[in-house]
2 protein chains.
Amino acid sequence: MKLLPDKTVERLSQYRRAMLKTLASGKHHIYSHEIANILHITPVQVRRDIMLIGYTGTLRHGYDVSELIEIIGTIIDSEEGTRVAVVGAGSLGSAIIRYFNGKRTKLSIVAAFDVNPDKLNKLYAGVPCYPFEKIQEIVKQENIQLAVIATPASETAKVAEALVNAGIKGILNYTPSPINVSSQVYLEEYDMVTSLEKVAYFAKHGK
Amino acid sequence: MKLLPDKTVERLSQYRRAMLKTLASGKHHIYSHEIANILHITPVQVRRDIMLIGYTGTLRHGYDVSELIEIIGTIIDSEEGTRVAVVGAGSLGSAIIRYFNGKRTKLSIVAAFDVNPDKLNKLYAGVPCYPFEKIQEIVKQENIQLAVIATPASETAKVAEALVNAGIKGILNYTPSPINVSSQVYLEEYDMVTSLEKVAYFAKHGK
DNA sequence: ACTCAACTGTTATTTAAATCACAAAGATAA
DNA sequence: TTATCTTTGTGATTTAAATAACAGTTGAGT
Ligand SMILES: NC(=O)c1ccc[n+]([C@@H]2O[C@H](COP(=O)([O-])OP(=O)(O)OC[C@H]3O[C@@H](n4cnc5c(N)ncnc54)[C@H](O)[C@@H]3O)[C@@H](O)[C@H]2O)c1
Ligand SMILES: NC(=O)c1ccc[n+]([C@@H]2O[C@H](COP(=O)([O-])OP(=O)(O)OC[C@H]3O[C@@H](n4cnc5c(N)ncnc54)[C@H](O)[C@@H]3O)[C@@H](O)[C@H]2O)c1
């Protein structure tokens with residue numbers, strides 16, 4: 001299958017989560033307009049995305065919920081589950097760990113890293129916190145593929161470099177410091193201040 | 001000035017923050033390619049954004065840092081400063097409050113809301129936490145314009161409705177439940193699970 | 001059997017965003 | 001002075017994403 005568009009991948013993740021609820025409620029089929037209503041987008045957008053992954057529904061009953069969930073899984077998840085580390089076990093980092101721990105997805109946070117001795121050798125929602133210096137070792141040992149950065153901004157570059165050297169495949173950076181990494185590593189950045197300033201702008205100017 | 005593109009607004013927020021550091025370091029002028037390097041984007045992107053806000057630099061020295069910061073301020077900020085509420089003083093909500101409190105921007109978080117009696121009548125990084133039922137009253141009284149939702153997902157719809165009724169102008173929703181609001185209110189949604197699943201996909205398939 | 005209503009799947013079009021390509025201008029150096 | 005270098009500003013083009021438009025299918029109702 002061809003590489004999917006960015007936005008399609010984001011929506012597939014959301015379709016899946018919406019459908020897990022649907023399934024839990026005992027419904028086995030779903031129409032594009034039902035998915036669309038949940039996410040407040042258009043049905044045609046839903047159908048197009050589903051077309052892109054090569055799945056096809058039935059005319060009378062729409063999509064088979066379990067099948068579609070399954071297929072989205074084969075696209076997003078890796079077979080054995082994806083193992084994730086959080087770097088920086090501060091207020092944001094520990095909130096993230098606790099949060100993901102509650103979900104049952106193929107993503108599991110299996111390690112935290114910090115430099116503060118007070119944070120080390122503790123469990124955060126069952127996840128052990130290791131010293132940052134051991135990052136290379138633990139990433140390999142635990143077969144960790146992705147990392148979330150939640151350290152102070154001043155540390156971002158150093159952390160990113162260590163992660164890349166350790167062989168991480170993807171990084172989600174919640175720090176306000178933009179980083180750049182080898183094109184081998186997929187990088188996603190998100191900055192809450194930017195997001196809130198954007199809300200401020202459009203709330204002020206209307207849209 | 002015409003309404004700016006979404007992405008331009010996001011970048012302007014980042015340019016400003018980058019330039020605040022520049023200014024602190026004693027530099028008074030900056031070239032498009034210097035800004036671009038900080039954010040890891042192209043210089044032409046920077047120039048185009050700056051063109052859209054009608055500012056113009058000088059050929060030999062690039063942009064005047066203070067002037068550009070000032071102008072971005074008039075675009076994004078509101079004169080008197082923007083007042084923000086956080087609904088849900090849990091792990092994410094309180095992390096956000098603490099975080100924003102440290103920055104000195106025109107955005108200030110001035111109130112939290114919760115339903116849990118244990119959370120009420122306390123200060124989170126100096127911000128008072130009010131009972132959710134008083135939201136209408138406090139939003140008006142405190143002249144709050146924007147809100148961040150960080151309650152459990154099950155509460156999102158109810159919270160959003162209350163916020164809209166209270167006359168909020170913009171909402172940033174960190175809950176995984178999509179909401180829809182009157183087109184009078186600007187809505188931005190961000191879901192960490194989606195973000196991390198996107199990283200998983202592109203780390204797996206390469207991009 | 002025929003018609004209608006309600007879906008899906010897909011092509012064509014539009015809109016939004018990013019990039020390319022280059023003219024214009026000011027400083028510097030020969 | 002004139003050539004050259006560096007940088008901005010912007011029209012033209014390309015790419016990515018969303019939307020529109022509609023053909024095709026199937027079952028229900030008659
Ligand atoms: N708290 C929020 O809601 C929030 C929101 C948006 C962005 N952020 C960003 O997230 C980051 C973390 O924020 P926070 O509020 O959790 O801060 P925090 O200070 O609570 O946590 C940072 C943690 O990182 C650890 N750390 C420092 N250097 C490290 C290193 N080299 N390796 C590993 N760990 C290291 C610290 O010991 C600390 O535990 C910041 O960059 C902040 O800008 C936070
Ligand atoms: N913690 C994270 O890192 C994280 C990451 C991504 C998304 N989220 C989302 O953010 C939301 C909050 O997560 P959290 O980890 O902080 O949860 P949490 O349980 O720690 O906090 C939720 C808070 O909301 C309060 N609350 C419940 N109903 C309310 C209501 N009607 N009005 C006001 N407050 C109410 C609760 O009393 C609690 O204090 C969840 O929807 C979660 O999906 C959290």
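Proteins come first, then strands; the chains are lettered A, B, ... in the order of their sequence lines, and each starts at number 1. Because the structure is predicted, anything quoted here is derived from the model rather than measured.
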Point to revise | Touch class at under 4.0 angstrom, heavy-atom based, for S32(B) against every strand present | key: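 It contacts sugar-phosphate atoms only.
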From the list [options], which nucleotide is the closest neighbour of the side chain of [X]?
X	options	result
Y63(B)	dA17(D), dA18(C), dG9(D)	dG9(D)
H33(A)	dC7(C), dT6(D), dG9(C)	dC7(C)
T42(B)	dG9(D), dT8(D), dT19(C)	dT19(C)
V44(B)	dA21(D), dT7(D), dA21(C)	dA21(C)
M51(A)	dA5(C), dT6(D), dT11(C)	dT11(C)
R48(A)	dA18(C), dT19(D), dT26(D)	dT19(D)
K7(B)	dC7(C), dG9(D), dA17(C)	dA17(C)

Exercise for review: Check whether any side-chain N or O of E189(B) sits under 3.5 Å from a backbone N or O of I179(B) as a donor-acceptor pair, and report yes or no.
Suggested key: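 Between the backbone of I179(B) and the side chain of E189(B) there is a qualifying donor-acceptor contact (under 3.5 Å).
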Point to revise | Side chain S177(B), main chain A153(B), donor-acceptor under 3.5 Å | key: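 Yes.
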Rounded distance (Å) that lies between atom [atom2] of [N] and atom [atom1] of [X]:
X	N	atom1	atom2	result
I35(B)	dT7(D)	CD1	C1'	13 Å
D6(A)	dT15(D)	CG	C1'	13 Å
I41(A)	dA18(D)	CD1	C1'	11 Å
D49(A)	dG9(C)	CG	P	13 Å
I50(B)	dT10(D)	CD1	C1'	14 Å
Q45(A)	dT8(C)	CD	C1'	16 Å
L52(B)	dG11(D)	CG	C1'	13 Å
L59(A)	dA6(C)	CG	C1'	8 Å

**Study point:** Distance below 4.0 Å between R47(B) side-chain N/O and dT8(D) OP1 or OP2
**Key:**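 For dT8(D), OP1 or OP2 has a side-chain N or O of R47(B) closer than 4.0 Å.
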Review point. Looking at dG27(D), does its base get a donor-acceptor pair with the side chain of R60(A) below 3.5 Å?
Key: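 A donor-acceptor contact between them is absent.
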Exercise for review: Could you tell me whether K134(A) and E137(A) have a side-chain N and a carboxylate O separated by less than 4.0 Å?
Suggested key: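 Salt bridge flag = no for E137(A) with K134(A).
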Exercise for review: Specify whether Y55(A) and Y63(A) have parallel, tilted or perpendicular ring planes, treating 30° as the upper limit for parallel and 60° as the lower limit for perpendicular.
Suggested key: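 The arrangement is tilted - the two ring planes meet at 30° to 60°.
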Practice item. Describe, in one word, how the ring planes of Y190(A) and Y174(A) are oriented to each other, choosing from parallel (under 30°), tilted (30 to 60°) and perpendicular (over 60°). Key: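 Ring orientation, 0 to 90° scale: perpendicular.
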